[in-house]
2 protein chains.
Amino acid sequence: MVNTTAKINTISNCKKCNHKLCTQKVSIFSSLNMEQLAKVGDLINHRRYKKGELLVMEGEKTESLVIINEGQVKAYKTTLDGKEQIIYIFSEGDFFGERNLLRDYASPYNVEALEETHVCIIHKRDFQILIKSIPDIAVKIMEELCMRLDRLENTIETMGSRTVEARVSLVLLEFADKYGKPHPRGTLIELPLSREGIANYIGLARETVSRKMSILQEEGILEMIGNKKVLLLNRSELEKTLK
Amino acid sequence: MVNTTAKINTISNCKKCNHKLCTQKVSIFSSLNMEQLAKVGDLINHRRYKKGELLVMEGEKTESLVIINEGQVKAYKTTLDGKEQIIYIFSEGDFFGERNLLRDYASPYNVEALEETHVCIIHKRDFQILIKSIPDIAVKIMEELCMRLDRLENTIETMGSRTVEARVSLVLLEFADKYGKPHPRGTLIELPLSREGIANYIGLARETVSRKMSILQEEGILEMIGNKKVLLLNRSELEKTLK
DNA sequence: TTATTTTTATGCGTGAAATCACAGTTTATG
DNA sequence: CATAAACTGTGATTTCACGCATAAAAATAA
């Protein structure tokens, strides 16, 4: 998994990285002291991926916990009809592969870089030792897993109560919270996904997403800036479509 | 939460229960030795609910981990249009309320007994002490949460790739695995939910569930026995509709 | 058992989203 | 900066689940 190029990067970045980047960015290590952080840092390997590169393939047996240090990735399943259903978008500080740490099973999804992405990798065996010497890490992971459960439960609720507008609104609000930056006229969102990606995230056709977003623009709720940005003008109005 | 009646039950049941029931049924305590099990047993309270009774209300702040000892419950959210979206069905050995153990927040769903149900309750403060003295419990909970994530991810996949047949098949297979009993001609499933319940579980209209199940019966894949049982005759054929 | 209530099956019309097709726009690339 | 490639928007058409209505069946109570 770690090729030569990655090793070179590792060496050149590590001093900086161990103390400033991975370990401190990540909530699961937030309760650690300096000494413990250094210990964790020693166990970490690094790797870089270009946009479109696969980090993990569906069904592949992985052996590590992977933490996003920079960039973002999508985790998706390939459905029967050949489409992709995106389940997660992981960004800086997020992790995946936690399921393989305890049991021994295959990745339930593909993970693909949405842009240039740097990750920190901790091998299963190291992590198991780590979790025993610092049990609080398990609790932190538990917390993160609970947040994911929350998100998935809400997604299921919205997907179940079949109003399509609500699904589009929900994803826009999610992106606004996660990627939005203040802007004189509202919130500027850098979309992590194309229209097709959004459609695959919320289980709709690409065209439907286009149409619904056009309507929201006509209503003055948002403004599309090119294909990759959205300026959210009236958040409260958007939230109303959820109720 | 614990009324007088429950306390009486507690006393009368406890000896038997502590050593034979809750603690041993539950995977999160599976790695404990006898001494530890006894310690846990001391912290447990009991309560009984009749069919239709609410164990927890959506939005309510709860303070305990609840383990199903006998019976089953549904956890559901009430959607905008007044319907219920069922998220989980918890049976013997399952637990809920784990999210309130770490942080302090409200239940994301209603929990309602589907039949006479007995539960074991551990208070937050006791559990926090327990988890510190036996860190392995956190790991066990992690495992269980990972399994839930798996299930929700699969549900989202099926709900996203809008083939309705697949949703019905998935839920039938899930019930077959969880509640199915061997039968000379296949697998006999005691359905935990009515047609309407199933519909609310997979986000469809009740009529649509009826129709799809009728088709499956015509195709000889299953046989409906009254309203509460299904005899699955051809599992592999049912699985094909997922692929 | 019979009566009552609840649950289920099914035909049918409507409407909303999927799909197809294509033009137009944006973004990436050399 | 120009050209190719990828992505997006929108009309026309089709499909299929929803929801109503009603009859039948099953579960529950008397």
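First the proteins, then the strands, lettered A, B, ... as listed; each starts at 1. Computed over heavy atoms, backbone and side chain alike; hydrogens, waters and symmetry mates excluded.
Between B:Lys228 and the phosphate of C:dT6, there is no side-chain N or O to OP1/OP2 separation shorter than 4.0 Å. Checking the phosphate oxygens (OP1, OP2) of D:dA6, no side-chain nitrogen or oxygen of A:Ser194 falls inside 4.0 Å. Contact annotation: A:Thr208 does not reach the phosphate of C:dA16 (side-chain N/O to OP1 or OP2, under 4.0 Å). The phosphate of C:dT27 (OP1 or OP2) has no side-chain N or O of A:Lys229 nearer than 4.0 angstrom. Side-chain N/O atoms of B:Arg195 include one lying less than 4.0 angstrom from OP1 or OP2 on C:dA9.
In this structure, a donor-acceptor pair under 3.5 Å is present between the side chains of B:Asn154 and A:Lys77.
Comparing B:Met213 and A:Thr163 by the nucleotide of DNA chain C that holds the closest heavy atom to each, the one mapping nearer the 5' end is B:Met213. Between B:Val209 and B:Arg206, the residue whose closest nucleotide on DNA chain D is further toward the 5' end is B:Val209.
Distance A:Ile215 CD1 to D:dT8 P: 18 Å, rounded to the nearest Å. Distance A:Leu222 CG to D:dG9 P: 11 Å, rounded to the nearest Å. A straight line from CD1 of B:Ile225 to C1' of D:dA25 spans 15 Å, rounded to a whole angstrom. Going from atom CD of B:Glu207 over to atom P of C:dG13 covers 16 Å, rounded to whole Å. Separating the CZ atom of B:Arg211 from the P atom of C:dT7 is a distance of 19 Å, rounded to the nearest angstrom. In this structure, A:Leu193 places its CG atom 12 Å from P of D:dC7, rounding to the nearest Å. The interatomic distance linking B:Gln217 (CD) with C:dT10 (P) rounds to 8 Å, in whole Å. We find that CD of A:Glu196 is positioned 13 Å from P of C:dA18, with the value rounded to whole Å.
Cation-pi check for A:Arg148 over A:Phe95 is met; the charged atom lies under 6.0 angstrom from the ring centroid and within 45 degrees of its normal.
Comparing C:dT10, C:dA17, C:dT26 by their nearest atom to the side chain of A:Asn227 picks out C:dT26.
At distances below 3.5 Å, not a single donor-acceptor pair connects side-chain atoms of B:Thr208 with backbone N or O atoms of B:Leu204. With hydrogens and angles disregarded, a donor-acceptor distance shorter than 3.5 Å links the side chain of A:Glu60 to the backbone of A:Met57. Not one N or O on the side chain of B:Gln72 forms a donor-acceptor pair closer than 3.5 Å with the backbone of B:Pro192.
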